[in-house]
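Reading through the C-alpha cells given below for one structure.
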Amino acid sequence: TYPDIKDEIIMSTCVKNEDNYIIQWIEYHSKLGIQKFIVYDNANNNVQNCFVPSKDQGSNLPTVLEKYIQNGMVILFHWPYTQTFQQTQQNHSLYAFRSAKYIGLLDVDEYVNPQMGITSLPELFSLLTDQCGTKIGGFELKCKNFNNPSDLPTDGYNFLKIFDCDPIITTCNKIFVVPENVKTFSVHMITNGLPSVMLSEKIIFFNHYIFLNKVSRGR
C-alpha cells in the first residue's frame with residue numbers, strides 16, 4: 001500500500017549512482033513548493049541498461065536519504081529492473097499515486113526553472129489550471145541543455161554556477177502529468193491519455209545539466 005497523496009504536486013525520478021547529486025535536486029525543488037519525492041533506486045543490479053554511464057559507482061541511497069525518508073518527504077523504492085526500467089517507474093508512479101494533482105517525471109540532472117517572478121510551483125500551476133482547465137494530460141516543459149566544456153567543478157551546488165548553455169529546444173521535453181487523465185507514459189511523452197499543454201519558455205522550462213555525473217557528455 002502507498003500513502004494517499006491527494007491534490008499535491010509531487011516529483012518522481014529513477015536514479016543510478018546519483019548519491020552525490022540527489023539531495024541538491026530534492027532541496028532545490030522543495031524550495032519551489034514540492035513536498036513529496038518518489039525515488040526509484042536502479043543501482044546495484046550490475047547489468048548494463050540504457051542509463052548513460054555515471055562517473056560515480058556504487059550507491060547507498062537508504063543512508064543518504066535517511067532523514068528525508070523518516071520525515072516523509074521521500075518515498076524510496078528498490079528498482080532493480082533493466083529493460084524499460086524508466087517506463088515502468090513512470091507508470092508505477094501514475095497508478096500508485098493516482099490521487100496526486102500533478103506528478104513531475106524528471107531526472108536528477110533536470111531542474112525546473114520558473115519565470116515571471118513566480119517561484120512557487122503550486123501557485124504557478126494553480127494559475128495555469130485556471131487558464132487551461134483540468135481536462136488535460138499535463139503541462140509540458142521545454143528543455144535548455146547546459147554544458148561544461150571547461151570541466152569546471154560540479155560538486156555540491158557548483159554545477160548551478162555553470163552557465164554555458166544551448167538554446168531552448170522542443171525535443172526531450174518533460175511533463176508534469178495529471179495522473180487521473182493519463183493511462184500510460186513513456187520517457188518523454190503521454191502514450192495513452194489526454195494531450196499535454198506545451199508551456200511557453202516565458203512561463204517555465206527546465207535546465208538540463210547533461211554533464212552532471214557523466215564521463216564525457218556535455219564536455
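Counting all heavy atoms, side chain and backbone alike, V112 lies closest to Y28 at O-OH, 2.7 Å. When all heavy atoms of C172 and F206 are compared, the pair lying nearest together is O-CZ, 3.5 Å. What you find for M73 and I26 is that their closest heavy atoms are SD-CG2, 3.7 Å. Of all non-hydrogen atoms in P3 and I75, the two that sit nearest each other are CG-CD1, 3.4 Å. Residues Q89 and S12 come closest through the heavy atom pair NE2-OG, 2.9 Å. Heavy-atom minimum distance, P62 versus I69: O-CD1, 4.2 Å.
Checking P114, S120, P122 one by one against L32, the side chain to side chain contact (heavy atoms under 4.5 Å, CB included) holds for a single residue, P114. When each of I10, T134, D7 is paired with K101, the side chain to side chain contact (heavy atoms under 4.5 Å, CB included) condition holds for D7 and for no other.
At least one donor-acceptor pair closer than 3.5 Å links the side chain of W25 to the backbone N or O of D107. Remark: side-chain polar atoms of T191 are paired, donor with acceptor, to backbone N or O of T184 under 3.5 angstrom. The closest donor-acceptor contact from the side chain of N213 to the backbone of D56 lies under 3.5 Å. A donor-acceptor distance shorter than 3.5 angstrom exists from the side chain of D41 to the backbone of A43, with no hydrogens or angles considered. Between the T84 side chain and the Q87 main chain, no donor and acceptor come within less than 3.5 Å of each other. Between the side chain of K36 and the main chain of G72, a donor-acceptor pair closer than 3.5 Å is present. With D19 contributing its side chain and N60 its backbone, the two residues share a donor-acceptor pair below 3.5 Å. With D130 contributing its side chain and L127 its backbone, the two residues share no donor-acceptor pair below 3.5 Å. Proximity of a side-chain donor or acceptor of N42 to a complementary backbone N or O of W79 within less than 3.5 Å is detected.
A salt bridge is absent between K135 and E180; no separation between the charged side-chain nitrogens and carboxylate oxygens falls under 4.0 Å.
No side-chain heavy atom of V178 sits less than 4.5 Å from a side-chain heavy atom of L194. Between E110 and T13 there is no side-chain heavy-atom pair separated by less than 4.5 Å. In this structure, N147 and I210 have side chains that are in contact, with non-hydrogen atoms separated by less than 4.5 Å. For the pair Y102 and L121, the minimum side-chain heavy-atom distance is 4.5 Å or more. Looking at L105 and V177, their side chains come closer than 4.5 Å, going by heavy atoms from C-beta outward. In this structure the side chain of F211 reaches within 4.5 angstrom of the side chain of I162, judged on heavy atoms. The shortest distance between side-chain heavy atoms of K55 and V215 falls below 4.5 Å. Side-chain atoms of F176 and F125, non-hydrogen and from C-beta on, do get closer than 4.5 Å to each other.
The distance from atom CD1 of I103 to atom CD1 of I34, rounded to the nearest 0.5 Å, is 11.0 Å. Atom SG in C165 sits 12.5 Å away from atom CG in N148 (nearest 0.5 Å). Annotation: the span from K144 atom NZ to I169 atom CD1 amounts to 11.5 Å, rounded to 0.5 Å. In this structure, the separation between CG on L141 and OG on S196 is 10.0 Å, given to the nearest 0.5 Å. Put simply, OG1 on T154 and CG on D151 are 8.0 Å apart, with the number rounded to the nearest 0.5 Å. Taken to the nearest 0.5 Å, the CG atom of N181 stands 8.5 Å off from the CD1 atom of I190.
In this view, F97 and Y2 satisfy the ring pair (Phe, Tyr, Trp, His ring centres under 6.0 Å) rule, not counting sequence neighbours. In terms of the ring pair (Phe, Tyr, Trp, His ring centres under 6.0 Å) criterion, Y21 has no residue partners (sequence neighbours excluded). The side chain to side chain donor-acceptor pair (under 3.5 Å) search around Q24 returns none, not counting sequence neighbours. Legend: residues meeting side chain to side chain donor-acceptor pair (under 3.5 Å) with R217, ordered by chain and number and at least two apart, are D109.
For the residue pair S93/Y40, the side-chain donor-acceptor check at 3.5 Å is satisfied. Side-chain contact check for Y68 and E27: at least one donor-acceptor pair (N or O, by modelled atom type) lies under 3.5 Å. Residues H208 and N145 bring a donor and an acceptor atom of their side chains to less than 3.5 Å of each other. Side-chain contact check for N207 and N113: at least one donor-acceptor pair (N or O, by modelled atom type) lies under 3.5 Å.
Residues V108 and V187 do not share a hydrophobic cluster, defined by chaining ILVMFWY side chains whose heavy atoms lie under 4.5 Å apart. L94 and M189 fall into different hydrophobic clusters, where Ile, Leu, Val, Met, Phe, Trp and Tyr side chains are chained together by heavy-atom contacts under 4.5 Å.
You'll find the ring centres of Y111 and F146 outside the 6.0 Å limit.
Residue pairs meeting the salt bridge (charged side-chain N to carboxylate O under 4.0 Å, His left out) criterion with at least one member in residues 191-211, sequence neighbours excluded: K142-E201.
Heavy atoms of other residues, nucleotides or ligands lying less than 6.0 angstrom from CE of M198 number more than 12. Remark: K183 NZ is loosely packed, at most 12 non-hydrogen atoms of other residues, nucleotides or ligands lying under 6.0 Å away.
Other cluster members for I168: F205, joined by side-chain heavy-atom distances under 4.5 Å among Ile, Leu, Val, Met, Phe, Trp and Tyr.
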